[in-house]
Each structure stands twice: as structure tokens, then as C-alpha cells.
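Notes to accompany the following structure.
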Amino acid sequence: MSGPISVKAALASTAPISGMQVQGWVRTRRDSKDFSFIELNDGSCLRSLQIIAKSTLPNYADVQRLQTGASIAVRGDLVASQGKGQAWEVVANEIEIVGPSDDTYPLQKKGHTPEFLREIAHLRPRSNLFGAVFRVRSRLAFAIHQFFQERGFVYVHTPIITGSDCEGAGELFRVTSLDLKQPPRRADGSIDYAQDFFARSTYLTVSGQLEGEAFACALSKIYTFGPTFRAENSNTSRHANEFWMIEPEMAFTNLNGNMDLAEETVKYLIRDIKTNCAEDLGLFSKFVDKELSARLDFVIDRPFQRITYTEAVELLKRSGEKFEFPVAYGANLQSEHERWLTEKHFKCPVTVFNYPQEIKPFYMRLNDDGKTVTAMDVLVPGIGEIVGGSQREERLEVLEENMRRHQMDPADYKWYLDLRRYGTVPHSGFGLGFERMLMFVTGVSNIRDVIPFARTPGSAEF
RNA sequence: UCCAGAGUAGCUCAGUGGUAGAGCGGUCGGCUGUUAACCGAUUGGUCGUAGGUUCGAAUCCUACCUCUGGAGCCA
């Protein structure tokens, strides 16, 4: 006999197996006249395996005291179940109690709210919902690599500790080894970071884009996929201070090619999860979001709407809708505006592009109208922005001018400007929020519930 | 950070100035190829924290903490 098999493998068996072994955690236990039913779950799949523990087991008294949460190893035979609800069950010949549990175990056999489970983040993966979420998270990460690798993109590891506090976007977490009680000072009293570990100020990355551009301008098509850190005091269901982001970057590609890739990426990922995580998706459709299945089908079945920022503003103005914030050209679209476009008007993902340059970062390419830049955001129902990207400004002089307008010193970005000095090329890319994609595909509405141990303002337990 | 709401049993909640409650869970017993089993009994509380008002506060007031929803920032 070989080693233990997973619950998933046991349930997928096509024939009885005598002399098999499974191990996992007790979900519930019920007594019958001469035996006990144990539901065993090992996280390999949503479903549990029913174990029949007969009263003839030498340690039956101990087995009857097994409580939810206990870990056991079972030897026995996989047989066709006599009961309804499952095809297979295991008649145990031996049950080893590996680790007992007791009645203080917080995950009892009843419904729990996600908010409560969030407080026990170390135990919640043992629940049906979170087991499913994190299995899907794993598969989604795999599918991302598969998607880009299939298309010849090279996976690049951009630095996590970075010296560029550029983009002007977002607060950064400082990385330092200085003694906070006695930091070295300069003559003017300011802290002298030249004496810090890297002989300069360093931070946790907020984006790998600039470094990604360097590699795209060499390997043609690249993507990054890694953690990102923002020190913003954001308290919403869609923001975390540590999250993962996918950032593809393509040389010789304009905004249209960029929008095509973003749409293809989102659709591919949904299709992959639908085929490879069907059982877990079923749980989400049933208990998290009844519309989930229909929405996912809708998204993969038809093209995303593409409209310019100007068109979006016109649509919003003509909508007759009363918005809390007024719609005006030159202002950022508010959440309520985005929601109207994607949830009420088009009822599908919407790609908005060509934004006024004043409200977008320095690196986006200026359009011929001299007013708009090649920004694009993909908005999805329920979540809002899931992708943000642009064609990058490849013209050295224009880029330098943009920097000056953003109060940036081009001298600080010499290496970035070099990419335009030597063999510059039109190139484009975007950032896809991994957790937001996971929220979209699972229907889970709070980002804290799709991250194993979420980091949010005031909260870094575990 | 701003706006709104909420903190009462392990969990979900009721209780709006006068002896702290229910359902679920847990425990014990019964029944039973059960499956969110069923039937009966039982267990369970510093009412978020600290002050204050009052003869008396879960309830009213003040501050703080935490959580939830929304906003801003964005992925």
C-alpha cells in the first residue's frame, strides 16, 4: 500500500479501494447506533470525506470524544456509500487521533460571519468559504503565469526595495536600518539618509513599472507579479497596504494593443477559474453572491465597452442621474460615476481611455490633441478599477517636459530617460490588481477576505 | 483621514432608566445509515474601555478603542 491519499483523490475514485489511508481535520461527527460518522476535510477540495467509525474500533471511546477541529489519520477501505449525499465513504479499520481539539475551538458547526472569521485568520482557512478562496487564489496565480508564458512574456522580478519614490503616487513605507532614537543628522537638522544602509533613502515598492519598462525595452514582452506596498491610510473594502499586482509591459505596442491584452487577460483568468475551480465557484454562487455565475459568463461572452474619457463624461452628464459629485470634464471620475457606467449603463466591464493629462502621472504618452494622455482604466461591476495602464511616453523631450510639469527633476531619473535616449520605442503596459481580480472572480466583497493575513491600517496581527 | 452605523453568552442578535434574554454552538441523556440530523435537559455574561449624570445605567452624557458600510487615494 502506498502513502495517504487526499480527500479529493478519494472522492474522485472510480473504484473501491481497500487498505487506503487519509488524514485531515474533523469537521463534524455524528453518532449512530453502532458507529460514528466523521466528516474529514484536508483542504484538498471543498467537500469532506465521510468516515464510518464502527464501535468495534479498539479506541472507539476516544473516537466518540473527537471534536470539531481535531486531526486524525484513518486507515480503512473506500467503499460505495450506503447513504445519500456522497458516492464514497471510508470504513475505518484504524483511526489514529493525531491532535485532539476541545469545545473552545472557535469554528463550530454553524454559520460564521466573514467578519468573525477575519479575527481568527489563522483558523479560517479551515472553513469552507476560506478554504475555497485560497484554493482559487492559488489557481489564479498559476493561471496568470500560464497566460503570459503561453504568449511569450518573460517573468521579471523587479526590486521590492526601491530607491525611486517616483510616480508621485501614494505614500511609501520607508526602509531603513538607522537607529530611530539617534539617527545621523545633517547640518540643517534633517536626517542624513546618506548614512543609511543603501546610502540613500529607500522604500518598499509601489510599482515595478519603471523597472519593467527597462526590461520590456530589451526582452520585448515582460510581466511582473509580486507584492506591492502602499502606506496610504485607506479604509475601504478594496484597499490593502500589502497586495499583489501583475504588471505586463510590451515594447512596440500602442494603447489599443494594451487594451486588447487587458481584456484578454481578464477573460482568460475567468475562464481558467471556471474550468479548474468549478466546485469552489459553486460555493461562492450559492453563499456569497447569487449573481456571480451569470456575471462571469456575461463578462467572458462579450467584448468590453471601450469609451474615451470625454465620451464617459458626456454619457454621465446626459444620464439624468443625480450624482453626489458633479460630473465635469477635467475631474477624476468618482466611484459613483464609474459604478453607473459599469453597473447601470453598460452592465459589463468598461475600458475608459484618453484621460486629461492633468489628472494622470508623468509617464503617460501625450496624445496629438495635446490635452489627453493614453491612460486606460478597466472598470468592472462591483469593484471598480481592476486595471490601470497606459502607453508610455517614449519621446525624450516630451517626457522631460512632463517631469518638469510634475515638479520632478529629470536628473533624478537618468536611467529611466536613458530608455528614451537609446533605441526608444512605443511601449505600453498596465497593472492588474491580483486581489481585485480574485474578488471579482469569487464575488467576495472585502479584500481582507482574499488575503491570507491582510495588512491594513492599524492591523498587522498574525 | 472624513461621514454614517454598530460593539450584550463561544457565534448571530433582542433588550431604550427598575432582578440580563432567545436562537445556534457546547455539555449530558434519548433516538437514529446520519449528513447544517432529530427529541429532551443543561451550561453559559466585568453588557467594548474609562469617566460622568441618577436613588438606580446595557439603556442617558463625554472621551477613547475596535469593527462594518460609504467617500477620498488607487490596484
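From a predicted model like this one, the values you see are computed outputs, not experimental measurements. What you see below is based on every heavy atom in this structure, not just the backbone, and it leaves out hydrogens, waters and symmetry mates. Residue numbers begin at 1 in each chain, while the letters A, B, ... track the order of the sequences.
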- [ ] Specify the residue among L333(A) and E89(A) whose closest nucleotide of RNA chain B lies further upstream toward the 5′ end.
- [x] E89(A)
TODO: Counting heavy atoms from C-beta on, name the nucleotide in rA75(B), rU34(B), rG69(B) closest to the side chain of F243(A).
DONE: rA75(B)
Task: Counterpart base for rU59(B), defined by Watson-Crick or G-U wobble contacts under 3.5 Å - done: none
Task: Test ring pair (Phe, Tyr, Trp, His ring centres under 6.0 Å) applied to F225(A) and F243(A), F147(A), F153(A), F434(A), the passing residue - done: F434(A)
Task: rU16(B) to rC60(B) separation - P atoms, rounded to the nearest Å - done: 10 Å
Open item on the list: Counting the atoms with a prime plus P, OP1 and OP2 as sugar-phosphate, which does E242(A) contact under 4.0 Å by heavy atoms, base, sugar-phosphate, or nothing?
Closed with: nothing
TODO: Could you let me know what rG23(B) is paired to, Watson-Crick or G-U wobble, both distances under 3.5 Å, or none if it's on its own?
DONE: rC11(B)
- [ ] Classify the ring geometry between H406(A) and F362(A) as parallel (under 30°), tilted (30 to 60°) or perpendicular (over 60°).
- [x] perpendicular
Task: Gap separating the CD atom of Q209(A) from the OH atom of Y416(A), nearest 0.5 angstrom - done: 5.5 Å
Open item on the list: Counting the atoms with a prime plus P, OP1 and OP2 as sugar-phosphate, which does G83(A) contact under 4.0 Å by heavy atoms, base, sugar-phosphate, or nothing?
Closed with: base
- [ ] Rounded to the nearest 0.5 Å, what's the gap from OH on Y223(A) to CD1 on I144(A)? Could you check?
- [x] 9.0 Å
TODO: Using atom CG of L379(A) as one end and atom C1' of rC74(B) as the other, report the distance to the nearest whole Å.
DONE: 12 Å
Can you pull every protein N or O that's under 3.5 Å from an N or O on nucleotides 5-13 of chain B?
from, atom 1, to, atom 2, distance (Å)
rC11(B), O2', K110(A), NZ, 3.2
rC11(B), O2, K110(A), NZ, 3.1
rU12(B), OP1, T113(A), OG1, 3.3

Task: Nucleotide rA75(B), atom C1' - distance to CZ of F440(A) in whole Å - done: 15 Å
Task: Contacts of D42(A) that satisfy salt bridge (charged side-chain N to carboxylate O under 4.0 Å, His left out) - sequence neighbours left out - done: none
- [ ] Take atom CD of E336(A) and atom C1' of rG70(B), then tell me their distance rounded to the nearest Å.
- [x] 11 Å
TODO: State the pairing partner of rG5(B); accept Watson-Crick or G-U wobble contacts with both distances under 3.5 Å, and report none otherwise.
DONE: rC67(B)
TODO: Measure the CD-OG1 distance between E263(A) and T351(A) for me, rounded to the nearest 0.5 Å.
DONE: 6.0 Å
Open item on the list: Is a donor from one side chain sitting under 3.5 angstrom from an acceptor on the other, for R405(A) and Q357(A)?
Closed with: yes
- [ ] Calculate the interatomic distance between L140(A) atom CG and rA75(B) atom P; express it in whole Å.
- [x] 18 Å
Task: Residue-phosphate contact under 4.0 Å: S234(A) side-chain N/O, rU1(B) OP1/OP2 - done: no
- [ ] Look at S237(A) and rG70(B) and indicate whether a side-chain polar atom (N or O) is within less than 4.0 Å of OP1 or OP2.
- [x] yes
TODO: Could you please name the option among rG72(B), rU34(B), rG26(B) that lies closest to any side-chain atom of Q334(A)?
DONE: rG72(B)
TODO: Using the C1' atom on both, measure rU43(B) against rG33(B) and round to a whole Å.
DONE: 31 Å
TODO: Between rG26(B) and rC64(B), how far apart are the P atoms? Round to whole Å, please.
DONE: 41 Å
- [ ] Please state the C1' separation for the pair rA36(B) and rG48(B) - nearest whole angstrom.
- [x] 31 Å
- [ ] May I ask you to verify whether the side chain of Q82(A) and the base of rG33(B) hold a donor-acceptor pair under 3.5 Å?
- [x] yes
TODO: Searching all strands shown, indicate the nucleotide that pairs with rU34(B) (Watson-Crick or G-U wobble; both distances under 3.5 Å).
DONE: none
Open item on the list: Would you compute the distance between atom CD1 of I307(A) and atom CG of N354(A) and round it to the nearest 0.5 angstrom?
Closed with: 11.5 Å
Task: Q67(A) side chain near rU27(B) phosphate (N/O to OP1/OP2, under 4.0 Å) - done: yes
TODO: Name the nucleic acid region contacted by R339(A), choosing base, sugar-phosphate or nothing; use a 4.0 angstrom heavy-atom cut-off, strictly under.
DONE: sugar-phosphate
Task: Inter-nucleotide C1' distance (rA75(B), rG25(B)), Å rounded - done: 40 Å
Open item on the list: If you take the centroid of each ring, where Trp contributes its six-membered ring, are H337(A) and F325(A) closer together than 6.0 Å?
Closed with: no
- [ ] Rounded off to whole Å, could you give me the NE2-to-P distance for the H239(A) and rA71(B) pair?
- [x] 10 Å
Open item on the list: Just to verify, what does D412(A) make a salt bridge (charged side-chain N to carboxylate O under 4.0 Å, His left out) with, not counting sequence neighbours?
Closed with: none
Open item on the list: Say we look at rA20(B) and rA58(B): how far apart would their P atoms be, to the nearest angstrom?
Closed with: 8 Å
- [ ] Tell me what N233(A) touches on the nucleic acid: a base, only sugar-phosphate, or nothing, going by heavy atoms under 4.0 Å.
- [x] base
TODO: For residues 323-334 of chain A, pull every pair meeting side chain to side chain donor-acceptor pair (under 3.5 Å), keeping only residues two or more places apart or in separate chains.
DONE: none
Open item on the list: Base, sugar-phosphate or nothing for I386(A)? Non-hydrogen atoms, less than 4.0 Å.
Closed with: sugar-phosphate
Open item on the list: I'd like the C1' distance from rC47(B) over to rG10(B), given in whole Å.
Closed with: 16 Å
- [ ] Would you mind pulling out the nucleotide paired to rC28(B), Watson-Crick or G-U wobble, both distances under 3.5 Å?
- [x] rG40(B)
Task: C1' atoms of rU59(B) and rG21(B), separation to the nearest Å - done: 15 Å
Task: Side-chain N or O of N235(A) closer than 4.0 Å to phosphate OP1/OP2 of rC67(B) - done: no
Task: For E89(A), all residues meeting side-chain hydrogen bond (donor to acceptor under 3.5 Å, both in side chains), sequence neighbours excluded - done: Q50(A), S81(A)
TODO: Return the residues of residues 28-43 of chain A meeting this criterion: a heavy atom under 4.0 Å from some atom of RNA chain B. Order them by number, or give none.
DONE: R30(A), D31(A), S32(A), K33(A), F35(A), F37(A), E39(A)
Open item on the list: In terms of relative ring orientation, are F453(A) and F462(A) parallel, tilted or perpendicular, with 30° and 60° separating the classes?
Closed with: tilted
TODO: Scan every strand shown for a Watson-Crick or G-U wobble partner of rG45(B), both distances under 3.5 Å, and answer none if you come up empty.
DONE: none
- [ ] Specify the separation, in whole Å, of atom CH2 of W244(A) and atom P of rA75(B).
- [x] 18 Å
TODO: State whether R238(A) places a side-chain N or O below 4.0 Å from either non-bridging phosphate oxygen (OP1 or OP2) of rA71(B).
DONE: yes
Task: Mate of rC73(B) where both pairing distances stay under 3.5 Å, Watson-Crick or G-U - done: none
Open item on the list: Expressed as a whole number of angstroms, how long is the span from I447(A):CD1 to rC74(B):P?
Closed with: 16 Å
Task: Gap between atoms CZ and P, on R448(A) and rU66(B) respectively (whole Å) - done: 13 Å
